[in-house]
Amino acid sequence: MEDGDFVLVDYTLKVKETGQVIDTTLEEVAKEAGLYRPEKVYEPRLIVIGAGWVLKALEERLKEMDVGEQKTVELPPEQAYGPRDPSKVVMMPARRISQMGIRPRIGQRVEINGRVGVIRAVGSGRVQVDFNHPLAGKTLIYEVAVREKIEDPVGKVRALIHRRLPLVPAEKFDVEFGEKEVVIKVPEEAFYVEGIQVIKRGIASDVLRFFEGVEAVRFVEEFKKA
C-alpha cells in the first residue's frame, strides 16, 4: 500500500491494559463487547492511505500489508494519543459550569471554550474536568484486516459517497467523469436524507481532494412524472 490508495479495512480497537473493546467494524464483535448500536452500519471502513483519517502509525503499518492480510498492531501512547498530561486536568468553579447550562455529573463529556473534556469529580463547589484525550496514556491494540483495494475511479467516488451516506446503497449513485468535472446522479432515496446538502458538500470536497485534475463536482437530482 502507498499514499493515495483506497482500501477497505475491518478492524477492532482494544485497550491493551484492560482488554476493553473501544471500536469495531464487525457486528458480532460489537455485540459481544456490548457496543452494538442498531443504527450503525457494520462493514469494512474506507481508508485513504495518507489522508490522516486514522493514526499515522496505523497508516504506516497498513502500507506494509497486502489485500487479504490480517495483522495485530500494537501502538504505545507516543504513537497513539500521547501520554496523559496532568496540566490538562483542571479544577473549575461549579457555578461557572452551571452558567454554561451544564449540570455536572461524573463521567459527563463537556465542551468548554472549544475544548472537549470529561468531568472526573464534583464537590465542594468545584468541578474537576479532564481535557486529555480519553485514550491518552493507553497502549492500543488494532486487529486489522485489509479486505479490498479499490482501483476503479467510479468505485472510489462511490466509496467516498458511502463513507458519508452509508444508509443509501452506493451503487445507486451514477457517476460520470468529464474532462474536468465529476457528475453524480443522486437516487431518489437520498433526496430527503436529513442534512443532505451538508453531506453533498462533504462528498464534493472529498472528490476534489483526491482526484487530480477535477475542478468541479455536479450533483443531478431528477424528479420523474408519476
Side-chain angles (χ1 to χ4, degrees), residues 1-11 13 22-27 30 37-63 65 67 81 109 111 113-116 133 142 144-226:
M1 302 298 169
E2 58 185 27
D3 286 348
D5 284 347
F6 281 55
V7 293
L8 298 179
V9 175
D10 270 321
Y11 70 86
L13 168 61
I22 300 298
D23 191 18
T24 184
T25 61
L26 303 171
E27 183 174 329
R37 302 200 315 270
E39 72 277 8
K40 181 177 178 178
V41 178
Y42 291 90
E43 61 186 1
R45 176 181 172 184
L46 172 67
I47 295 175
V48 180
I49 303 297
W53 291 351
V54 295
L55 292 169
K56 181 66 175 177
L58 179 59
E59 283 189 326
E60 292 303 318
R61 307 296 175 85
L62 288 172
K63 289 181 181 180
M65 298 177 66
V67 175
Y81 293 97
R109 291 180 64 83
E111 182 174 343
N113 298 329
R115 302 170 68 196
V116 177
H133 188 282
Y142 279 93
V144 296
V146 179
R147 302 301 188 193
E148 182 182 348
K149 180 180 176 182
I150 304 174
E151 305 277 9
D152 171 46
V154 170
K156 290 181 178 181
V157 173
R158 284 178 171 159
L160 291 172
I161 293 170
H162 188 65
R163 174 175 173 263
R164 293 184 179 270
L165 195 57
L167 297 181
V168 179
E171 61 271 16
K172 292 194 174 185
F173 290 82
D174 289 332
V175 178
E176 295 182 3
F177 279 79
E179 184 176 345
K180 291 186 177 181
E181 74 170 2
V182 172
V183 179
I184 300 173
K185 187 175 180 180
V186 181
E188 189 172 351
E189 295 97 309
F191 288 180
Y192 308 108
V193 170
E194 184 177 356
I196 187 62
Q197 296 304 321
V198 174
I199 292 170
K200 288 194 296 185
R201 183 176 298 176
I203 292 168
S205 177
D206 290 340
V207 173
L208 293 170
R209 176 183 180 185
F210 295 117
F211 289 86
E212 187 176 355
V214 174
E215 298 180 359
V217 177
R218 182 157 55 92
F219 293 93
V220 177
E221 297 180 0
E222 185 176 86
F223 293 84
K224 295 182 179 181
K225 186 175 181 180

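Please read these numbers as outputs of a predicted model, since none were measured by experiment.
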Side chain to side chain contact (heavy atoms under 4.5 Å, CB included) evaluation trace for Glu2 with Ile49: CA-CA 6 Å; Glu2 58 185 27; Ile49 303 297; 6.0 Å; no

Show your working on side chain to side chain contact (heavy atoms under 4.5 Å, CB included) between Leu8 and Leu46 and close with a plain yes or no. CA-CA 5 Å; Leu8 298 179; Leu46 172 67; 4.0 Å; yes

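Contact of the Val157 side chain with the Phe177 side chain is registered, since non-hydrogen atoms from C-beta on lie closer than 4.5 Å. Using a 4.5 Å heavy-atom threshold, the side chains of Tyr11 and Leu58 count as separate. Residues Arg158 and Asp174 meet the side-chain proximity criterion, which asks for heavy atoms closer than 4.5 Å. With a 4.5 Å cut-off on side-chain heavy atoms, Leu165 and Ile196 count as touching. Inter-residue side-chain proximity for Lys156 and Phe211 is flagged as met; some heavy-atom pair is nearer than 4.5 Å. Ile47 has its side chain within reach of Leu62: a pair of non-hydrogen atoms, C-beta onward, lies under 4.5 Å apart.
Between the side chain of Thr24 and the backbone N or O of Leu13, no donor-acceptor pair lies under 3.5 Å. Formation of a donor-acceptor pair under 3.5 Å by the Arg164 side chain with backbone atoms of Asp206 is not found in this model. At distances below 3.5 Å, at least one donor-acceptor pair connects side-chain atoms of Glu59 with backbone N or O atoms of Gly52.
Under the 6.0 Å distance and 45° angle rule, Arg45 does not count as a cation-pi partner of Trp53.
Between Asp5 and Lys63 no salt bridge is recorded (no basic side-chain N to carboxylate O distance below 4.0 Å).
Between Phe210 and Phe6, the ring-plane angle classifies as perpendicular under the 30° and 60° cut-offs.
Annotation: the span from Lys185 atom NZ to Glu222 atom CD amounts to 4.0 Å, rounded to 0.5 Å. We find the CD1-CZ distance between Ile203 and Arg201 to be 12.5 Å, quoted to the nearest 0.5 Å.
More than 12 heavy atoms of other shown residues, nucleotides or ligands fall within 6.0 angstrom of atom CD in Glu60. The environment of CD in Glu43 is crowded: more than 12 heavy-atom neighbours from other residues, nucleotides or ligands sit within 6.0 Å.
Of all heavy-atom pairs spanning Met65 and Met1, the tightest one is O-CG, 3.5 Å.
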